[in-house]
Amino acid sequence: MSRTAKTTFFTTVALCAFTVVGVHYIQSAEKAAMHAGVLRDEERTRIKRERQLDFEMQAQLERDLRKSQTVVDTTAEALEGPAGTAER
């Protein structure tokens with residue numbers, strides 16, 4: 001083989017090897033990024049579930065307290081004003 005043929009052959013082999021290694025690296029990086037997205041979604045779902053449970057607990061507590069306590073709605077009086085006339 002001539003020197004030019006050897007150089008061309010080894011350059012081609014090196015470029016092919018570099019391409020294969022590069023593609024595998026890119027695939028690994030994409031796989032890691034996709035897995036991170038799954039983890040973010042799971043965390044978001046967990047937080048949403050915790051907030052829903054907190055809301056349900058607060059709603060149940062409010063219902064229990066309303067049963068045991070007398071609650072007077074004073075918002076209508078505040079909107080009417082002191083003499084029973086509506087403020088504008």
Side-chain angles (χ1 to χ4, degrees):
M1 277 170 63
S2 69
R3 184 179 186 139
T4 307
K6 289 179 186 177
T7 304
T8 303
F9 175 73
F10 287 120
T11 302
T12 304
V13 169
L15 285 174
C16 287
F18 178 74
T19 301
V20 168
V21 169
V23 166
H24 284 294
Y25 173 77
I26 290 171
Q27 285 178 340
S28 297
E30 287 176 350
K31 183 178 178 182
M34 289 174 63
H35 184 66
V38 170
L39 294 177
R40 279 193 309 269
D41 288 346
E42 289 174 351
E43 180 67 15
R44 194 176 306 131
T45 302
R46 184 189 64 79
I47 290 172
K48 185 177 179 181
R49 192 177 316 119
E50 283 179 4
R51 288 181 180 160
Q52 182 64 31
L53 288 173
D54 286 343
F55 174 77
E56 290 170 1
M57 276 195 316
Q58 288 296 321
Q60 182 61 40
L61 179 61
E62 181 182 359
R63 285 191 296 272
D64 293 344
L65 289 174
R66 285 186 184 268
K67 286 179 186 177
S68 66
Q69 298 176 359
T70 305
V71 179
V72 177
D73 185 16
T74 59
T75 56
E77 293 174 9
L79 291 176
E80 287 181 8
T85 59
E87 294 180 8
R88 294 186 209 282

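Looking at residues two or more places apart in sequence or on another chain, you find a side chain to side chain contact (heavy atoms under 4.5 Å, CB included) between E42 and V38, L39.
Residue pairs meeting the side chain to side chain donor-acceptor pair (under 3.5 Å) criterion with at least one partner in residues 47-57, sequence neighbours excluded, are R46-E50, Q52-E56.
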Please report, to 0.1 Å, the donor-acceptor pairs under 3.5 Å made by any side chain of residues 10-25, with sequence neighbours excluded.
unit_1	atom_1	unit_2	atom_2	d
T11	OG1	T7	O	2.6
T12	OG1	T8	O	2.7
T19	OG1	L15	O	2.8

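Within the 4.5 Å cutoff, the side chain of E30 has heavy atoms near those of the I26 side chain.
In M1, the CE atom is crowded: over 12 heavy atoms of neighbouring residues, nucleotides or ligands sit closer than 6.0 Å.
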